[in-house]
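Scroll down for the structure; my scribbles are underneath it.
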Amino acid sequence: MPEGHVIHRLASDIVDTFAGHRIASSSPQGRFAGARLLDGNVLESAEAWGKHLFVGFASTAAEVHIHLGIYGTMRLAEGEPEVVGQVRWRVTDGVSTVDLRGPNTCALLDPAEVAAVIDRLGPDPLRPDADAQKFIDRVLRSRSTIATLLMDQSVIAGTGNIYRAEVLFRLGIDPLTPGRSLGRERAEAIWQDTVELMRIGRQRGRIDTVRPEHDPEAMGRPPRKDDHGGEVYVYRRQNQPCWICGGPILTNTIAGRNLFWCPVCQAA
DNA sequence: CGGTTATGGTCAT
DNA sequence: TGACCCTAACCGC
């Protein structure tokens, strides 16, 4: 269940583990027809763009396009463990194995198709070539709320529901503020904070958004255990007291996704 | 053990 | 806006 930081980490893990190695490729579940076409190829590259992952091979220009969606996982293991459950794609070099399960997308794409996927994506805060200005301009022109914009992958690629909630809380921004009402300074701050938080997420492999001065230990509070493994201010903390103002964190379903915010710290 | 939920996205209406 | 995709973890019984 990944936001972009997980995909970037995965891409570098795959490169570290398999790049330059001849691999066996299969679809134990049978639902990835392209798997056998790649069997015996040399894996060459793995690259993330937002939540999309592209895996390249030495003897073909085609790439495997993976999107994990909300359920998907891609996990590395040592050796060649027995296949358990539904594995869409397995890659192994005999020393290590990676299993892909439950992806939204797993398909072999030609270069034009890869370009078309990337073309639909906005700048990715974790990519060194990201065009921050493109994000800022798009936000400042939009009548959509900033909560919606931060989930729109054509506006910013890789941000998900946790980073959306946490960045807006950290900056004290009402999630329902229209993009065009934010002003350039706050739009720039949103980009910058997202970059910083997602870099930390990529490095640690978990989402931590709580500033040092609010750390549970520093505040004399017991550490909390969240599914995502890190410490956050508002994500899935509805009905709990806000760490800053003490008022209740609220939640509401907006456009089919759960939004979490503090109505006091993020007042309009 | 069954029901619920999830860090996502597409498509039809 | 809702159905659907598809898997695993979690919760209450």
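Just so we're on the same page: letters track the sequence lines, and every chain starts at 1.
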For [X] and [N], is the shortest distance between a side-chain N/O and OP1 or OP2 below 4.0 Å?
X	N	value
Arg101(A)	dA8(C)	yes
Tyr163(A)	dT7(B)	no
His67(A)	dG9(B)	yes
Arg88(A)	dC6(C)	no
Lys51(A)	dT7(B)	no

Just checking [X]: base, sugar-phosphate only, or nothing, at a heavy-atom cut-off of under 4.0 Å?
X	answer
Glu166(A)	nothing
Asn161(A)	sugar-phosphate
Arg75(A)	nothing

Do Asp99(A) and Arg75(A) sit within salt-bridge range, that is, some charged N less than 4.0 Å from a carboxylate O?
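Here Asp99(A) does not pair with Arg75(A) in a salt bridge, since their nearest N and O are not under 4.0 Å apart.
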
Salt bridge Glu47(A)-Arg127(A), side-chain N to carboxylate O under 4.0 Å
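Yes, Glu47(A) and Arg127(A) are salt-bridged.
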
Looking only at atom [atom1], what distance separates [N] and [M], rounded to whole Å?
N	M	atom1	result
dT4(B)	dC4(C)	P	16 Å
dC13(C)	dT5(B)	P	14 Å
dT13(B)	dC5(C)	P	15 Å

What's the [atom1]-[atom2] distance between [X] and [N], to the nearest Å?
X	N	atom1	atom2	result
Asp152(A)	dT7(B)	CG	P	17 Å
Leu68(A)	dA6(B)	CG	P	19 Å
Leu100(A)	dC6(C)	CG	C1'	12 Å
Leu150(A)	dT7(B)	CG	C1'	14 Å
Gln29(A)	dC6(C)	CD	C1'	9 Å
Ile70(A)	dC4(C)	CD1	P	17 Å
Gln153(A)	dT7(B)	CD	P	13 Å
Met74(A)	dC6(C)	CE	P	18 Å

Which of these nucleotides, [options], is closest to any side-chain atom of [X]?
X	options	result
Asn104(A)	dA8(C), dG9(B), dA6(B)	dG9(B)
Arg257(A)	dG9(B), dA8(C), dT7(B)	dT7(B)
Asn258(A)	dG8(B), dC6(C), dA6(B)	dA6(B)
Tyr71(A)	dG9(B), dT7(B), dC6(C)	dC6(C)

Judged by modelled atom types alone, do Gln86(A) and Arg101(A) share a side-chain donor-acceptor pair under 3.5 Å?
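Side-chain D/A pair, Gln86(A) to Arg101(A): absent.
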
Under 3.5 Å, is there a donor-acceptor pair between the side chain of [X] and the main chain of [Y]?
X	Y	result
Glu113(A)	His65(A)	no
Ser142(A)	Val139(A)	no
Glu166(A)	Tyr233(A)	yes

Whichever of Arg120(A) and His5(A) has its nearest DNA chain B nucleotide further upstream toward 5'
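Final value for this comparison: His5(A).
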
